[in-house]
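The structure under discussion appears below in the form of structure tokens.
Every heavy atom of this structure was used, including side-chain atoms; hydrogens, water molecules and symmetry mates were not. Throughout, numbering of the chain's residues begins at 1 and tracks the sequence.
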Amino acid sequence: MDYFDPSYNNDKKKAMAKQSMLLCCKVYISESRNRETLDSIERAARQDQETVIVNKFKDHEYNRVGYTLVSYVAHDSIGCPIYTPLHQSVVAMAEVAYEAINLELHCGAHPRLGVIDDIVCHPLARASLHEAAWLAKTIASDVGILFQVPVYLYGAAHPTGKSLETIRRELGYYRPNFTGNKWAGWPHEPETTLAEKPNEGPETVSKTKGVVMIGARPWIATYNVPIMSVDFSAARRIALMVSARGGGLPTVQTLGLVHGEDTTEIACMLLEPNQIGADRVQKQVEMLAAEEGLDVDKGYFTDLSPEMIVDRYIKLISNNESS
């Protein structure tokens, strides 16, 4: 009688997944306070069981949620990407978000220009940036056509590699337009004609939907450091001095933001986290805050590492298949 090892299939799946071509989509949506809306968006993402939500990060003060989704990418006979479950999963999420969320009624302490603020695609495991860019452009085309939302491509998905930060600055992304250094409604009221031509979708904006950035880039880390002060001007000074733009740490982008009634926060994007990591950012913020006479709390990541994401994907996809 043959002996059957019940762990064989799972072990084989894990080995195959680690060697396979996986793509990751991070979808940032301007909502965190309406549980019913978030539940609907998550149900849409889970319609295809081959797409896995491996992480969710929501912030009440920012009124913003970020989803990290993972699935495989399939290729044709000559190696060109032709299919990933992520495509329809993200489009399904977008459909629900645009139906349920009205940007004109939205307010939060984090900048945004649309109901869906940003969709970024990353390669995982053996996948390449080329495949991530293909996915970003595929999603962008559907979002522009199906929902009539202006789409700005960035990074590897943009024809010339234009950066997300550059596009955001061109569109006035970083300028708060509401009391208490917050963002409310369509920030360029009453203007609906866009200063910069989008890559997909219409050239005028619906104030209920806004615009969306969609791009592809190598892995980045997002790390936030709380400042125990409501001095927004000090937070902005510290943020600038930490950033590469302000002569601080290379490959680090930052925002100084209000975060609740008694704190501000330095929100950091680490473009090359293996070179300039969270420890260096934390020390730099602490040093600059001390010069301002301010206390700093321990920072936190808003997402998992690529290795942790792949491991969680393997575990969750195995559970889905066995249930």
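Applying the side-chain hydrogen bond (donor to acceptor under 3.5 Å, both in side chains) test to Tyr154 and every residue at least two apart in sequence or in another chain returns Asp118. Here Lys56 pairs with Glu42 under the salt bridge (charged side-chain N to carboxylate O under 4.0 Å, His left out) rule; sequence neighbours left out. In this structure Glu189 satisfies the salt bridge (charged side-chain N to carboxylate O under 4.0 Å, His left out) test together with Lys207, sequence neighbours excluded. Applying the salt bridge (charged side-chain N to carboxylate O under 4.0 Å, His left out) rule to Lys137 yields no partners; only residues at least two apart in sequence or on another chain are considered. Looking at residues two or more places apart in sequence or on another chain, you find no salt bridge (charged side-chain N to carboxylate O under 4.0 Å, His left out) involving Glu191. Applying the side-chain hydrogen bond (donor to acceptor under 3.5 Å, both in side chains) criterion to Ser233, with sequence neighbours excluded, gives no partner residue.
By the 4.5 Å heavy-atom criterion applied to side chains, Asn224 and Ile266 are not counted as neighbours. Residues Trp183 and Tyr62 fail the side-chain proximity criterion, which asks for heavy atoms closer than 4.5 Å. Under the 4.5 Å side-chain criterion, counting only non-hydrogen atoms from C-beta, Val143 is in contact with Val212. You'll find the side chain of Ile139 reaches within 4.5 Å of the side chain of Ile119, heavy atoms only. Side-chain contact check for Thr263 versus Val230: every heavy-atom pair is 4.5 Å or farther apart. Taking the side chain as every heavy atom from C-beta outward, Ile53 and Asn55 never approach each other to under 4.5 Å. Taking the side chain as every heavy atom from C-beta outward, Arg217 and Leu164 approach each other to under 4.5 Å. Inter-residue side-chain proximity for Leu135 and Val73 is flagged as unmet; no heavy-atom pair is nearer than 4.5 Å.
Between His75 and Tyr83, the ring centre distance reaches or exceeds 6.0 Å.
Linking ILVMFWY side-chain heavy atoms closer than 4.5 Å, directly or via other members, places Leu129 and Ile309 in two distinct hydrophobic clusters. Both Val65 and Leu69 sit in one connected hydrophobic cluster of ILVMFWY residues. Membership requires side-chain heavy atoms under 4.5 Å apart, directly or through other members. Leu294 is connected to Met241 through a chain of hydrophobic side-chain contacts under 4.5 Å among Ile, Leu, Val, Met, Phe, Trp and Tyr, so both are in one cluster. By the criterion of side-chain heavy atoms lying less than 4.5 angstrom apart, applied directly or through intervening Ile, Leu, Val, Met, Phe, Trp or Tyr residues, Tyr174 is not grouped with Ile238; the two fall into different hydrophobic clusters. Under a hydrophobic clustering in which Ile, Leu, Val, Met, Phe, Trp and Tyr are joined whenever their side-chain heavy atoms come within less than 4.5 Å, directly or via other members, Leu288 and Leu255 fall into different clusters.
Checked by atom type, the side-chain pair His158/Thr160 shows a donor-acceptor distance below 3.5 Å. Under 3.5 Å, the side chains of Arg43 and Ser40 contain a donor-acceptor pair of N or O atoms. For the 3.5 Å distance criterion, the side chains of Tyr223 and Gln282 qualify, holding a donor opposite an acceptor.
To the nearest 0.5 Å, atoms OG1 (Thr251) and CD (Gln253) are separated by 9.0 Å. Note: Ile314 CD1 to Ser20 OG = 7.5 Å, rounded to the nearest 0.5 Å. Between His130 atom NE2 and Trp134 atom CH2 the span is 9.0 Å, to the nearest 0.5 Å. Summarising the geometry, atom NE2 belonging to His106 is positioned 10.5 Å from atom CD1 belonging to Ile29; distances are rounded to the nearest 0.5 Å. Here the straight-line distance linking atom OG1 of Thr222 with atom CD1 of Ile220 works out to 6.5 Å at 0.5 Å rounding.
Arg33 contributes a side-chain N or O that, together with a main-chain N or O of His60, makes up a donor-acceptor pair within less than 3.5 Å. A donor-acceptor pair under 3.5 Å is formed between the side chain of Ser30 and the backbone N or O of Gly114. Between the Thr166 side chain and the Lys162 main chain, no donor and acceptor come within less than 3.5 Å of each other. Distance alone, capped at 3.5 Å, places no donor-acceptor pair between the Tyr152 side chain and the Ile214 backbone. Gln49 places no side-chain N or O within donor-acceptor distance of the main-chain N or O of Arg46, the cut-off being under 3.5 Å.
Contact record, Thr254 with Ser243: OG1-CB, 3.3 Å, taken as the closest heavy-atom pair. Here the closest heavy-atom approach between residue Leu38 and residue Glu31 is recorded as CD2-O, 3.8 Å. Trp219 and Asp303 make their closest contact through CH2-OD2, 4.4 Å (heavy atoms, listed as atom of the first residue, atom of the second, distance). For the pair Ser32 and Asn63, the tightest heavy-atom approach, listed with the atom from each and the gap, is N-OD1, 2.9 Å. For Gly299 against Pro226, the heavy-atom pair with the smallest separation is CA-CD, 4.0 Å. The two atoms that bring Ala278 and Phe301 nearest to each other are CB-CZ, 3.4 Å, heavy atoms only.
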Start with the C-alpha gap between Val211 and Met213, add the side-chain angles, then the distance that decides, and say whether side-chain contact (heavy atoms from CB on, under 4.5 Å) holds. CA-CA 7 Å; Val211 305; Met213 318 293 169; 4.3 Å; yes
Take His188 and Trp186 through the test side-chain contact (heavy atoms from CB on, under 4.5 Å) and record every step on the way to the result. CA-CA 6 Å; His188 303 314; Trp186 170 244; 3.6 Å; yes
Show your reasoning for whether side-chain contact (heavy atoms from CB on, under 4.5 Å) applies to Tyr72 and Leu23. CA-CA 6 Å; Tyr72 66 87; Leu23 293 176; over 6 Å; no
Intermediate values then yes/no, side-chain contact (heavy atoms from CB on, under 4.5 Å), Leu271 and Val252: CA-CA 6 Å; Leu271 303 185; Val252 174; over 6 Å; no
Decide side-chain hydrogen bond (donor to acceptor under 3.5 Å, both in side chains) for His87 and Asp142; before the verdict, give the C-alpha distance in whole Å, the side-chain angles of both, and the deciding distance to 0.1 Å. CA-CA 9 Å; His87 171 207; Asp142 278 358; 2.6 Å; yes
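Under the side chain to side chain contact (heavy atoms under 4.5 Å, CB included) rule, Thr51 has a single partner from Thr84, Leu86, Ile317, which is Leu86.
Every pair passing salt bridge (charged side-chain N to carboxylate O under 4.0 Å, His left out) that includes a residue from residues 236-253 is listed here, sequence neighbours excluded: Arg237-Glu292. Sorted by first and then second residue, the pairs that involve residues 57-79 and meet salt bridge (charged side-chain N to carboxylate O under 4.0 Å, His left out), not counting sequence neighbours, are Arg64-Asp117. For residues 251-280, there are no salt bridge (charged side-chain N to carboxylate O under 4.0 Å, His left out) pairs, not counting sequence neighbours. Screening residues 95-114 for salt bridge (charged side-chain N to carboxylate O under 4.0 Å, His left out), with sequence neighbours left out, gives no hits.
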In residues 195-205, what donor-acceptor pairs under 3.5 Å come from side-chain atoms, sequence neighbours left out?
from: Asn199; atom 1: OD1; to: Leu153; atom 2: N; distance (Å): 2.8

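Between Tyr98 and Phe147, the angle of the ring planes lies from 30° to 60°, which puts this pair in the tilted group.
Cluster partners of Val258, by chain and number: Phe232. The rule joins Ile, Leu, Val, Met, Phe, Trp and Tyr whenever side-chain heavy atoms lie under 4.5 Å apart.
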